[in-house]
Structure formats: structure tokens, C-alpha cells
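Take a look at the structure set out below.
Keep in mind that the numbers below use all heavy atoms, side chains included, and drop hydrogens, waters and symmetry copies. Residue numbers begin at 1 in each chain, while the letters A, B, ... track the order of the sequences.
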Protein chains: 2
Amino acid sequence: MTKNIAETGVARPGQDAVSVVAQGIPTMNEIIGYKLRRAQLFVFQDFIESFSKMKLRPAEFSVLALIARTPGQKQTEIAGQLGIKRANFVALMDGLERRGLAERRKAVGDKRSHSLHLTPEGVRFAQKMSAVWAAHEQRLVDRLGGPEARDTLLALLDRILDLKET
Amino acid sequence: MTKNIAETGVARPGQDAVSVVAQGIPTMNEIIGYKLRRAQLFVFQDFIESFSKMKLRPAEFSVLALIARTPGQKQTEIAGQLGIKRANFVALMDGLERRGLAERRKAVGDKRSHSLHLTPEGVRFAQKMSAVWAAHEQRLVDRLGGPEARDTLLALLDRILDLKET
DNA sequence: TATTGTTATACTCTATAACTATA
DNA sequence: TATAGTTATAGAGTATAACAATA
């Protein structure tokens, strides 16, 4: 048997040769972080295109979804759940308020904090947004090969996220 | 039976109540893109901490890995494989060259292009880098629950990435 | 003293346009 | 005319420090 090119270490530049230098060096295909990153970019790309008409970015979507499901939470609480720094949350919330989708209300007990709510228009917007999201999500489920595959993926991602600190 | 709080629509702010407004609005837990993003950030966080001593960022790691495995490729080829715009690749490559890890050589046929190679120091660096990466990757595999779970995850991420255009 | 929201600011990543030298 | 590399620049997203009002 003749040695294959990887074993000889003879690299032909620009072709599918593998250098002898490559001992122990991973292929991009086996790097979890890399695959995760590329997949995330792909999904966000589809998301952004899906919402280009509504002019809604992923962070804004998640803020509206969180307020819709649990109105009255403080800025710090919403920001915290999403991993957004409270300083950066201000401009984000300003945008939603300027568009008339959400609003800050003076919290009853604590005069420092604001409680966040959707406006009536924001409620209607959130419904439409959810329909657009459902179509986007369905495209992903189709790519994955069905709901079971999606559940498996979500469970695996949870394993990475759970515990947080070992 | 008494109606639960979701059915009454009476939301108690800041608690685990679910507003009646929430009809059809997804939980963050069921959003593929969101989970993917959080998991990717977590993995990159671990990666960045793992390489803080070597002062190596994810993009630099992948460029070195690609050059190590297939020396002699042009800048545009390496950048293209990683989804990096060739304009942004310049500064990245400048950094690796300044540190003496990789170098641009005049391509033989085409005087416009550079062929990329590791320096001898770059080869040694890539070996150390791969060992650090392996430890990082092993941490992830442990979290996932073993090599089979990792393989499943990578296969699912490939389903999202494959085809690219429907 | 500590916390909530806020402003200002800086740094990284990414995207686009335009230039040069070659092809 | 097109391509490889480059420069300049602008826009997101994210991180930190410091401040005012309130706890």
C-alpha cells in the first residue's frame, strides 16, 4: 500500500493536502465552538431577514417577549435574564418606548426602579412578531429534521449552559 | 377547579405569573436561536479564558489551525473558509505576522496573491495551542455527557448549516 | 452604604467603498 | 475588465466607570 499524502507530509499548496505540521491540530469540523458559532450566525441571519420588514432585532424581540409574558418586571431583572448589561439596556428600551411598543412605569414601592409593560400597540405587535418567529423557527425545525431533533438540540445546548460554574 | 393565574390573566409583577398577553408568545427556552447564542457565548468565554495566557483569540486560533493543516493557501481562501471578509483579514494576519507565528510569501504564479505559512515558531505555537484547545474541548464534552453527545450535537449543527441556500 | 437607572466612553467585530498592482 | 490585497471608515454589540436619585 502506498502512503497517503497526510502520512508522507508532502503538502501541495492550495489543494486538499494535509501538512505534517498538522499533527494534533483539529479540523474546523470537530471544533464545537466553531460549529456553534457558524450555526448561530446562520440562524440569526435568517431571523434578521425574517424581521427586516418589522425592523426588529434579536435583542428587541427577546425583550418584548419577556415583557409580554411577565409584565411589571424591573429593567435590571429583564436585562439580567438576557445577559444584557443594564447600561446597554437603556438605549434598547428607549427605542421600544419611542416606537410606542413598551413603556416604563414608576414602580409602586421603589421610586428608583421602573416596571416595564407593553402598550396596547405593543401587545398587537408582539402577536404579529410571534407569528413571524414561528415561521422562522419552523424553517429551522425542518432543516434539523423534525421536532424530535429540535428537542435533542435544545437539550444538548442546555447541558452546555446548565451549572454555569463547575 | 380554580382557574390558574395564566387563565385569569392576573399578572403579579416580578413573579412567575404569565400574562394573558402571552398567548402564542414563546418562552426563551424554546427559541433555538437564543439557546444557540447563549451556548456559543458560554463556549467562547471558556475558550477565551483558556487562551488568555497565550493571548490568542478564536479567529486567530482558526487561522493558525487552517494554515497548519494546509499551508500555502491564499489569504482570500483562508478568509473565505472562515467567513471572514478579506478586508478584515488583513489586520488579523498582520498580528500573526508581527508575532512571528505566520508569514506571507510571494505566490509563485500570481504576483498579486500571498501564500500563507507558519514560521518554525508558529509550528511550535500551534502544537501548544492544540493541547490547550483539547483541554477546553474535553470540558465541553464532559458537560455534554460524553463523545456520543458531542457527535450528536455536531451532526445537528451541520444540519442547520448544510445546504445553506434552500 | 448599596442599588436603579443613566450617561459617556472605549474596544471589538463586522460591513462597505475605494484604491493599487497585478491578471 | 476582473481579482488579491489593502486602507479607511462606519456601524453594531459589548464592557467599564462614574454620577444622581433613592433605598
Side-chain angles (χ1 to χ4, degrees), chain A residues 13-14 33-34 36-38 40-42 44-45 47-49 51-52 55-63 67 72-98 102-117, chain B residues 13-14 33-34 36-38 40-42 44-45 47-49 51-52 55-63 67 72-98 102-117:
Chain A
Y34 178 72
L36 220 38
R37 172 81 174 139
R38 297 302 294 253
Q40 182 259 309
L41 286 175
F42 179 90
F44 267 47
Q45 194 58 40
F47 185 99
I48 289 166
E49 286 165 14
F51 283 99
S52 60
K55 296 222 174 290
L56 196 70
R57 287 165 296 180
E60 295 170 328
F61 174 93
S62 53
V63 168
I67 298 176
Q73 288 189 103
K74 296 186 299 179
Q75 289 194 184
T76 305
E77 290 171 338
I78 299 282
Q81 288 171 63
L82 297 173
I84 300 172
K85 294 271 180 291
R86 70 190 197 283
N88 295 328
F89 189 85
V90 176
L92 210 173
M93 190 61 202
D94 285 348
L96 296 176
E97 205 162 25
R98 218 178 309 115
E103 60 185 9
R104 295 163 162 109
R105 294 184 195 160
K106 294 168 190 167
V108 285
D110 191 333
K111 288 177 185 170
R112 293 171 303 179
S113 62
H114 299 151
S115 75
L116 304 184
H117 299 264
Chain B
Y34 178 72
L36 220 39
R37 173 78 174 141
R38 296 301 294 253
Q40 182 259 310
L41 286 175
F42 180 89
F44 268 45
Q45 193 59 40
F47 184 100
I48 289 166
E49 287 165 13
F51 283 98
S52 60
K55 295 223 173 291
L56 196 70
R57 286 166 296 182
E60 295 170 327
F61 174 94
S62 53
V63 169
I67 298 176
Q73 288 189 104
K74 295 186 300 178
Q75 290 194 184
T76 304
E77 290 171 337
I78 299 282
Q81 287 171 63
L82 297 173
I84 300 173
K85 294 269 180 290
R86 71 190 196 283
N88 295 327
F89 190 84
V90 176
L92 209 173
M93 190 61 202
D94 285 347
L96 295 176
E97 206 162 26
R98 221 177 308 113
E103 59 184 11
R104 295 163 162 107
R105 296 184 195 160
K106 293 169 188 165
V108 285
D110 190 335
K111 287 180 186 168
R112 293 172 302 178
S113 62
H114 299 152
S115 75
L116 304 184
H117 299 265

Practice problem: Select from B:Ser113 and B:Asp94 the residue whose nearest nucleotide in DNA chain D is closer to the 5' end of that strand. | Solution: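 Whichever sits nearer the 5' end wins; that is B:Ser113.
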Quiz item: End-to-end bend of the helix from C:dT1-D:dA23 to C:dA23-D:dT1 (five-pair axes, 10° rounding)?
Solution: 0°
Rounded off to whole Å, could you give me the [atom1]-to-[atom2] distance for the [X] and [N] pair?
{"X": "B:Glu60", "N": "C:dT12", "atom1": "CD", "atom2": "P", "value": "11 Å"}
{"X": "A:Leu92", "N": "D:dA12", "atom1": "CG", "atom2": "P", "value": "12 Å"}
{"X": "A:Lys74", "N": "C:dT3", "atom1": "NZ", "atom2": "C1'", "value": "8 Å"}
{"X": "B:Gln73", "N": "D:dA4", "atom1": "CD", "atom2": "P", "value": "13 Å"}

Quiz item: Mapping A:Met93 and A:Leu41 onto DNA chain C by nearest heavy atom, which one lands closer to the 5' end?
Solution: A:Met93
Quiz item: In terms of the nearest nucleotide of DNA chain C, which residue is placed more toward the 5' end: A:Thr76 or B:Ala59?
Solution: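 Of the two residues, A:Thr76 wins.
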Within the sub-3.5 Å range, which N or O atoms of nucleotides 21-23 of chain D have a protein N or O partner, and how far apart are they?
from	atom 1	to	atom 2	distance (Å)
D:dA23	OP1	A:Lys111	N	2.7

Quiz item: Quick one: is C:dC13 close enough that its OP1 or OP2 comes under 4.0 Å of any side-chain N or O from A:Arg37?
Solution: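 For C:dC13, OP1/OP2 do not have a side-chain N/O of A:Arg37 under 4.0 Å.
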Quiz item: What's the verdict on side-chain hydrogen bond (donor to acceptor under 3.5 Å, both in side chains) for B:Gln45 and B:Glu49, showing C-alpha distance, side-chain angles and the deciding distance?
Solution: CA-CA 6 Å; B:Gln45 193 59 40; B:Glu49 287 165 13; 3.2 Å; yes
Quiz prompt | Options C:dT12, C:dG5, D:dT6, nucleotide nearest the side-chain atoms of B:Arg57 | solution = C:dT12
Exercise. Enumerate the residues from residues 82-90 of chain A whose closest heavy atom to DNA chain C is under 4.0 Å, giving them by residue number; use none for an empty result.
Key: A:Arg86, A:Ala87, A:Val90
Practice problem: For residues B:Lys55 and B:Glu60, report the shortest heavy-atom separation together with the two atoms involved. | Solution: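 Closest approach of B:Lys55 to B:Glu60: O-OE1, 3.9 Å.
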